[in-house]
Amino acid sequence: MDVMVSARRDLEGLYREHGKRLWWALVAFSGDREIASDAGSEAFAQALRRGDGIRDPLAWIWRAAFRIAAGELQERAMQAPPLTEPMYELPEPAAEVTAALRQLPAQQRAAVVLHYYADRPIREIAEVLGTSTSTVAVHLHRGRNRLRDLLGDDDV
Amino acid sequence: MSDLREQLRRIETSAPPDLWREIEMRATKNRPEIEPSVIVFRPRGAQVRRRVAAGLLAAAVFALTAVVVWEASRSAVVPRPKPPQGTIPTGWEKCTNASHGYSIAYPGDWYTTDVFDGASDPANACQWFSLDPFGPRGNVVSEGWGYPFEVAIRGPFDQVREQELDPEIADVIVEENLLVKGHRAVRVEYETLIDLIGETDMHYEYLIELDAERTLIVHTTTTRGVTGVYADNKVVVDRAVDTLQFLADSSSAS
């Protein structure tokens, strides 16, 4: 029981420290606040259910949250044609960035968000995407070039 | 001018919602603990009889399922009368991906495309197979698993195997080492442990070592939205693997 309480306290600490960044990363990836909240909550909830059975809870939660969000996006894509506009209105700077990100393929977008926004290590991104570190490097290279065109910033 | 990191940080336009209460609610919702207030008292004898009956019913269902699964897997994988290696079943079509150096056959009434999100690329050939026609934008679902029969190229074999069968992600049901056309391979079936609100997915696939750097995965899944019957799709995957040809092997043999 003490172990459960301790695991819960540790996870709440992780949520307080990293939850905000995870949520924004999921918004950036999915373009949708609802998916971000759903995927983030479910990832933490599943970690909570597993107690102390996870070696690296933070990496596990990032991976779970992105896979859940990707599943939600995939399900929506199969139910309806892909949307060209974000599903929910975001304030201007966020809307511009998410609109640019939405033009990248899903794996490229996830790699860019996880690396450049969330500062997750490449090895961990490879695990999230179920691919190799060299493929992640290719995604990052292509994604960065594409965003440079879309956001019109020479320094990107 | 800002760099990409700063550009992306512009997305933080307001405070995110505090989800901790929602997280705790979700975590307890599926936990198999019963509140004392919802336990219904029953006479002990009736309770025992009910449990025995439930146990017998569960055992019968399990036995029946095991027989069906065993029959399906036996007919799909083990001593099926095998055509000569590389022979394409009647009614199937051969598909060649010269970029990655393989050919594989698929049912002739299925569809395939090399178009991803509107852009055609020969390197995408023979990767996505579907019972339904692809639209003009081709594969719009994902670069991962979204179709009833898919082929993917990944990194080194041991690394891919470790990633696919990570015990924190996958509950492995079948793991069988074998050789496919002389290439190291493993046939696996697993259930994902990471799920959305109680829904898990089954995955059935062959990981085949293409060379030191690349692994070819032939795959099907029950992931939501994927068409067809999972057991039938597994048979398609088995038969397709029988038809695999590796172009480098053919050229070195000739």
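Numbers restart at 1 for each chain; the letters A, B, ... are given by sequence-line order, proteins then strands. Computed from a prediction, not measured in an experiment: that's the story for all the values here. Because only heavy atoms are used, hydrogens play no part in the values below, and waters and symmetry mates are left out as well, while side chains stay in.
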When the 4.5 angstrom heavy-atom criterion is applied to B:Glu213 and chain A, the contacting part is neither
Item to complete: Measure the shortest side-chain to side-chain distance between A:Arg21 and B:Arg9 over non-hydrogen atoms and say whether it is less than 4.5 angstrom.
Response: yes
Bottom line for A:Leu11: the part with an atom under 4.5 Å from chain B's heavy atoms is both
| task | Inspect the surroundings of CD in B:Glu162 and state if more than 12 heavy atoms from other residues, nucleotides or ligands are less than 6.0 Å away. | result | no
In short, B:Ala27 meets A:Arg49 closest at the heavy-atom pair O-CG, 3.3 Å
Interatomic distance, NZ@A:Lys20 vs CG@B:Leu19, rounded to 0.5 Å, equals 13.5 Å
Under 3.5 Å: donor-acceptor pair, side chain of B:Arg26, backbone of A:Ala43
no
Rounded to the nearest 0.5 angstrom, the CZ-CD distance for A:Arg8 and B:Glu24 is 4.0 Å
A:Arg142, CZ atom: more than 12 neighbouring heavy atoms under 6.0 Å = no
Sorted by chain and residue number, the side chain to side chain contact (heavy atoms under 4.5 Å, CB included) partners of B:Asp114 (sequence neighbours excluded) come out as B:Ser120, B:Asn124, B:Ala125
If one checks every heavy atom of B:Glu12 against chain A at 4.5 Å, the contacting part turns out to be both
Using the rule given for side-chain contact (heavy atoms from CB on, under 4.5 Å), can you reason through A:Tyr117 versus B:Arg5, listing the C-alpha separation, both sets of side-chain angles and the distance that settles it, and then say yes or no?
CA-CA 6 Å; A:Tyr117 174 73; B:Arg5 281 189 168 79; over 6 Å; no
Okay, A:Tyr15 and chain B: the region with an atom under 4.5 Å from a heavy atom over there is side chain
Closest non-hydrogen contact found for B:Leu4 with A:Tyr116 is CD2-CD1, 3.3 Å
